[in-house]
Amino acid sequence: MSKLGTLGARLHHGEIGYDFVKNRKIWYGISILITITAIVGLAVRGLHMGIEFQGGAVFTTPKNMSVSVSTAEGYAEDASGHDAIVQKLGDGSMRIQVAGIDTKTSDTIKERLAGDLKVDAEKINAELVGPSWGEQIANKAWQGLGIFLILVVIYLAIAFEWRMALAAFVALIHDITITVGIYALVGFEVTPGTVIGLLTILGYSLYDTVVVFDSLKEQTRDITKQTRWTYSEIANRSINSTLVRSVNTTVVALLPVAGLLFIGGGVLGAGMLNDISLSLFVGLAAGAYSSIFIATPLVADLKEREPAMRSLKKRVLAKRAQGGDPDEGQDVPVTDDEHDEPADVAAAVVGPRNQPASRARGRGRPSGKRR
């Protein structure tokens, strides 16, 4: 077995682990700081909305243009008085995008571009985009986002409980805010591709969160019947047991997205790839972070406020202070017949496979009290 596989097995069996829940205030503080930075960037710089949302014109030149992109960009900005985005296509033609202009202005810009580029004006194709179309896209995106969040909260509240639904909702808002803030700080153009990427990352973020929640649900079944583990400790075990899986899933998803963003958009200059790849890259990373460091610790915080969980915590701490036999009187198996795990590892999981201690001792190691 590889070292990573061995590490994952040890994390899953509780032999090693990091206390994510205990240090939750650190993660909360980091998230608050990042979120505030994103909000400030959004408020100060705003979003660079694409032509689909502002309206404008797109000019496509003939093939095999000898003019450089920077030169064509200067021509377009001089002719229009607006910022222009120029992209060189594979056949040598250029796509010149100018936002915020109307039909009459576009005809004048087309004539000036033809003169500067030394081509026939009839060979330059001009397409006008109205801002109403972009407004419809934005409204549909907001509606889709709202419906998605409502359905997610309802599903998680039914499948798990309302505290997990609330924690997942907070994690999703956390991911969206950070992604939008990064767009504002970087200055990338917001296009329909950005909206698609933003909606896509919500599914990835929710997947990681639900994996941890499912493990937590199984391990906390009948939790009040034992006095060995608190809810927060079992929540931390759930994070550690799924940690390698979450990291592997995120890395595998990030690799192709990073290729699109850094190689396709940066090295090859395919600017249109930046629209969707940046939102995916930032969103996937933020989603993995929130599922590990935000969602589950928040659930533990909410659950520990319950009277039953507070009472359980007092009993666990009192038991430890007395230094008594941690297995005595517990509905926790001493051995695991199926996997032959050590007693302290198998006892860490409180779930449907548990059996009374008297039966477990009959098949496992001696209790030490009598033979």
Side-chain angles (χ1 to χ4, degrees), residues 45-141 183-184 186-200 256-281:
R45 300 197 58 176
L47 292 173
H48 182 201
M49 306 302 293
I51 190 173
E52 294 86 357
F53 297 100
Q54 299 184 64
V58 178
F59 304 95
T60 306
T61 68
K63 300 178 181 180
N64 302 319
M65 294 294 298
S66 58
V67 181
S68 66
V69 172
S70 58
T71 301
E73 188 175 290
Y75 289 156
E77 291 178 352
D78 292 340
S80 64
H82 294 75
D83 292 335
I85 298 176
V86 180
Q87 297 169 343
K88 197 154 190 174
L89 306 180
D91 58 2
S93 62
M94 290 185 175
R95 184 178 185 269
I96 303 173
Q97 179 178 301
V98 183
I101 60 175
D102 53 23
T103 304
K104 295 180 179 179
T105 308
S106 68
D107 293 337
T108 304
I109 296 172
K110 179 180 177 180
E111 294 293 336
R112 288 195 56 180
L113 280 175
D116 292 335
L117 298 174
K118 296 180 174 56
V119 297
D120 188 352
E122 296 299 326
K123 294 183 179 181
I124 297 179
N125 181 41
E127 296 179 3
L128 293 177
V129 179
S132 60
W133 185 71
E135 185 178 353
Q136 292 177 5
I137 292 178
N139 291 336
K140 293 296 183 181
Y183 255 88
V186 174
F188 276 20
E189 188 179 32
V190 177
T191 66
T194 305
V195 177
I196 294 172
L198 189 63
L199 295 176
T200 301
V257 175
L260 287 175
L261 178 61
F262 298 110
I263 299 178
V267 178
L268 301 180
M272 288 182 289
L273 294 176
N274 291 334
D275 305 342
I276 188 171
S277 58
L278 180 63
S279 61
L280 287 175
F281 187 84

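FYI, side chains are in, hydrogens and waters are out, and symmetry mates aren't considered; it's all heavy atoms of this structure. All values derive from a computational prediction rather than experimental measurement.
Here the closest non-hydrogen pair linking Ala258 and Phe281 is CB-CE1, 3.9 Å. Here the closest heavy-atom approach between residue Gly197 and residue Ser279 is recorded as CA-OG, 3.4 Å. Across Val67 and Ala72, no two heavy atoms sit closer than the pair CG1-N, 3.9 Å. Closest heavy-atom contact between Val86 and Val69: O-CG1, 3.5 Å.
A distance of 7.0 Å separates OG1 in Thr200 from CD1 in Ile196, rounded to the nearest 0.5 Å. Rounded to the nearest 0.5 angstrom, Ile96 CD1 and Ile85 CD1 are separated by 12.0 Å. The distance from the CD atom of Gln97 to the OG1 atom of Thr60 is 10.5 Å, given to the nearest 0.5 Å. Put simply, CD1 on Ile109 and CG on Asp78 are 11.5 Å apart, with the number rounded to the nearest 0.5 Å. Distance check, rounded to the nearest 0.5 Å: OG1 of Thr194 to OH of Tyr183 gives 3.5 Å.
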Identify all side-chain donor-acceptor contacts of residues 114-127 below 3.5 Å with residues at least two apart in sequence or on another chain.
from   : atom 1 : to     : atom 2 : distance (Å)
Asp120 : OD1    : Glu122 : N      : 3.2
Asn125 : ND2    : Glu127 : OE2    : 3.4

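Under the side-chain hydrogen bond (donor to acceptor under 3.5 Å, both in side chains) criterion, Thr71 pairs with Ser68, sequence neighbours left out. The side-chain hydrogen bond (donor to acceptor under 3.5 Å, both in side chains) search around Glu73 returns none, not counting sequence neighbours. Residues passing the ring pair (Phe, Tyr, Trp, His ring centres under 6.0 Å) test with Tyr75, sequence neighbours excluded: none. When the side-chain contact (heavy atoms from CB on, under 4.5 Å) test is applied to Arg45, no partner is found at least two apart in sequence or on another chain.
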